[in-house]
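Okay, so here's the structure we're looking at.
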Amino acid sequence: MGKGGSLSDSVLKKILLSYTYVAIWIFLSFTVIVYNKYILDKKMYNWPFPISLTMIHMSFCATLAILLIKVFKFVEPVSMSRDVYLKSVVPIGALYSLSLWLSNSAYIYLSVSFIQMLKALMPVAVYSIGVLLKKESFKSNTMANMISISVGVGIAAYGEARFDTWGVILQLGAVAFEATRLVMIQILLTSKGITLNPITSLYYVAPCCLAFLSIPWIFVEYPVLKESSSFHFDFVIFGTNSLCAFALNLAVFLLVGKTSALTMNVAGVVKDWLLIAFSWSVIKDTVTPINLFGYGLAFLGVAYYNHAKLQALKAKEAQKKAQQADEEAGRLLEGREGDGNTKRTESED
């Protein structure tokens, strides 16, 4: 009874910890999105400088990542040559900087709820780019699912009360660059056996992002900020915003490390629905029935995609275990045959 009780306590503890990690990630992701919207929206804090905000985040995150790796030795750095950095990390950093710039810019023009609906296109973009770059095999049933997600998002866009074409272009561009980045991580890093967790990723990628973002910043935002004598850097607002952004990366590290990437995908769906509810009830964004119907359709498509991915992973794992078992059985059989031949030779002597 005691052993059974301790086992159940251990399982319960693991379940509670998993739910805690999920709750922390949802809270921080939710906070960063709403906080960015608050800062950038002209009707709220009214600081419409998305490149500057992204650069503040990258500077803060890069500094903390360097401290965690070099000073506090929280995680080990990944051994990487200059050639690998230039050919693999720099292109990923360029894509990441474009994705962050465009996604933050979209908050100026679109509601939080509608942005979450447009983000449902991420699996479509990742799969399509994966097929184009030959990292994914084309399957008609998967493509049909991608079309259903796209149709759902299209219906949601049709029902959007505050539709802004430029905002939609920015968000779709952000999705495209982010999807390309995720595929390029597989091609340029994972295929070479290089695995970066969120901390080491920030350590290598954030300075690179900062360098890329400084180019458009000099021409687009710096002249405006220079002429705006009324602006004073608010350390409380930008400091806490940057801290939330860095804490979100730590939460990703914990969530994926202690549970799985699929858990994060499922938690992301919950977060999206919470953001839509928050956007409607607190920010007072208009969410129409057509919005909800379209996003509901897209949501079903995304849920099916995650389910199919899980089944494929399970099948792959089962095949790997079966192969290992066959190899082990083959080695045992060879060993027995070898022993039998040795005994036969001894008896003949």
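Everything numeric in this text was worked out from a predicted model, so none of it was measured.
The 12-atom threshold is not exceeded at NZ of K87, counting heavy atoms of other residues, nucleotides or ligands nearer than 6.0 Å. Dense packing is recorded around CZ of F163, with more than 12 heavy atoms of other residues, nucleotides or ligands lying under 6.0 Å away. Under a cut-off of 6.0 angstrom, the local environment of OH in Y45 is crowded, with over 12 non-hydrogen atoms contributed by other residues, nucleotides or ligands. In this structure, F138 places its CZ atom where more than 12 heavy-atom neighbours from other residues, nucleotides or ligands lie under 6.0 Å away. The environment of OH in Y85 is crowded: more than 12 heavy-atom neighbours from other residues, nucleotides or ligands sit within 6.0 Å. Atom CD of E76 has 12 or fewer heavy atoms from other residues, nucleotides or ligands within 6.0 Å. Crowding of F235 atom CZ: a count of heavy atoms from other residues, nucleotides or ligands under 6.0 Å not exceeding 12.
You'll find the side chain of F246 reaches within 4.5 Å of the side chain of L250, heavy atoms only. Looking at heavy atoms from C-beta onward, V168 lies out of side-chain contact with E160 at the 4.5 angstrom threshold. For the pair W217/L225, a side-chain contact is recorded, criterion being any heavy-atom separation below 4.5 Å from C-beta on. Within the 4.5 Å cutoff, the side chain of V124 has heavy atoms near those of the S128 side chain. Here the side chains of L100 and M58 are in contact, with some heavy-atom distance below 4.5 Å. The closest side-chain heavy-atom distance from N145 to S148 is below 4.5 Å. Counting heavy atoms from C-beta outward, V78 and L196 have side chains that approach closer than 4.5 Å. Contact of the L118 side chain with the L110 side chain is registered, since non-hydrogen atoms from C-beta on lie closer than 4.5 Å.
The two residues Y107 and K37 come nearest to each other via the heavy atoms O-NZ, 2.9 Å. In terms of heavy atoms, G173 sits closest to L102 at C-CD1, 3.7 Å. Closest heavy-atom contact between C209 and G93: SG-O, 3.4 Å. When every heavy atom of A106 is checked against every heavy atom of Q171, the shortest pair comes out as CB-OE1, 3.5 Å. Shown here for V302 and P123, the closest heavy-atom pair between the two residues is CG2-CG, 4.2 Å. Closest heavy-atom contact between C244 and T31: SG-CG2, 3.9 Å.
A donor-acceptor pair under 3.5 Å is formed between the side chain of E221 and the backbone N or O of I51. The backbone N or O of I237 sits less than 3.5 Å from a side-chain atom of Y35, completing a donor-acceptor pair. Side chain of K134 to backbone of V131: no donor-acceptor contact under 3.5 angstrom is found. In this structure, the side chain of S88 engages the main chain of L188 through a donor-acceptor pair within 3.5 Å. Under the 3.5 Å distance criterion, the side-chain polar atoms of S281 are matched with a main-chain donor or acceptor of A277.
We find the CG-OG distance between L189 and S201 to be 8.5 Å, quoted to the nearest 0.5 Å. Note that CG of L213 is 11.0 Å distant from CD1 of I218, once rounded to the nearest 0.5 Å. To the nearest 0.5 Å, the span separating CD1 on I185 from OG1 on T195 amounts to 11.0 Å. Remark: L98 CG to S103 OG distance equals 10.5 Å, nearest 0.5 Å. Considering OG1 of T180 and OH of Y96, their distance stands at 15.0 Å, rounded to 0.5 Å. The CH2 atom of W25 lies 7.5 Å from the CG atom of L248; values are rounded to the nearest 0.5 Å.
The cluster map of Ile, Leu, Val, Met, Phe, Trp and Tyr, joined by side-chain heavy atoms under 4.5 Å apart, puts V32 and V236 in different clusters. I276 and I290 fall within the same hydrophobic cluster, where Ile, Leu, Val, Met, Phe, Trp and Tyr residues are linked whenever their side-chain heavy atoms come under 4.5 Å apart, directly or through other members. No single ILVMFWY cluster, assembled from side-chain heavy atoms under 4.5 Å apart, contains both I92 and L132. Both L172 and V183 are assigned to one and the same hydrophobic cluster, defined by single-linkage of ILVMFWY side chains at heavy-atom distances under 4.5 Å. Under the 4.5 Å side-chain heavy-atom criterion for ILVMFWY residues, a single connected hydrophobic cluster contains both I169 and L40.
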Dump the intermediate steps for side chain to side chain contact (heavy atoms under 4.5 Å, CB included) on W166 and L170, then the final yes or no.
-> CA-CA 6 Å; W166 181 238; L170 287 170; 3.6 Å; yes
Intermediate values then yes/no, side chain to side chain contact (heavy atoms under 4.5 Å, CB included), S97 and T54 = CA-CA 8 Å; S97 62; T54 309; over 6 Å; no
Determine, step by step, whether D272 and K119 satisfy the side chain to side chain contact (heavy atoms under 4.5 Å, CB included) criterion, reporting the C-alpha distance in whole Å, the side-chain angles of both residues, the deciding distance to 0.1 Å, and the verdict.
-> CA-CA 9 Å; D272 289 344; K119 283 181 181 178; 5.6 Å; no
Does the pair V75 and I69 meet the rule for a side chain to side chain contact (heavy atoms under 4.5 Å, CB included), with working shown?
-> CA-CA 6 Å; V75 289; I69 289 172; 3.6 Å; yes
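Of the N and O atoms on the side chains of S113 and D285, not one donor lies less than 3.5 Å from an acceptor on the other residue. Side chains of T200 and N197: a donor on one and an acceptor on the other come within 3.5 Å.
Partner F74 forms a side-chain contact (heavy atoms from CB on, under 4.5 Å) with one of L64, L67, L68 and no other, that one being L68.
Residues satisfying the ring-ring contact (aromatic ring centres under 6.0 Å, His included) criterion with F278, sequence neighbours excluded, are F30. Taking F299 as the reference, W273 meet the ring-ring contact (aromatic ring centres under 6.0 Å, His included) condition, with sequence neighbours excluded.
Sequence neighbours left out, the pairs with a member in residues 47-69 that pass ring-ring contact (aromatic ring centres under 6.0 Å, His included) are W47-F49, W47-F231, W47-F238.
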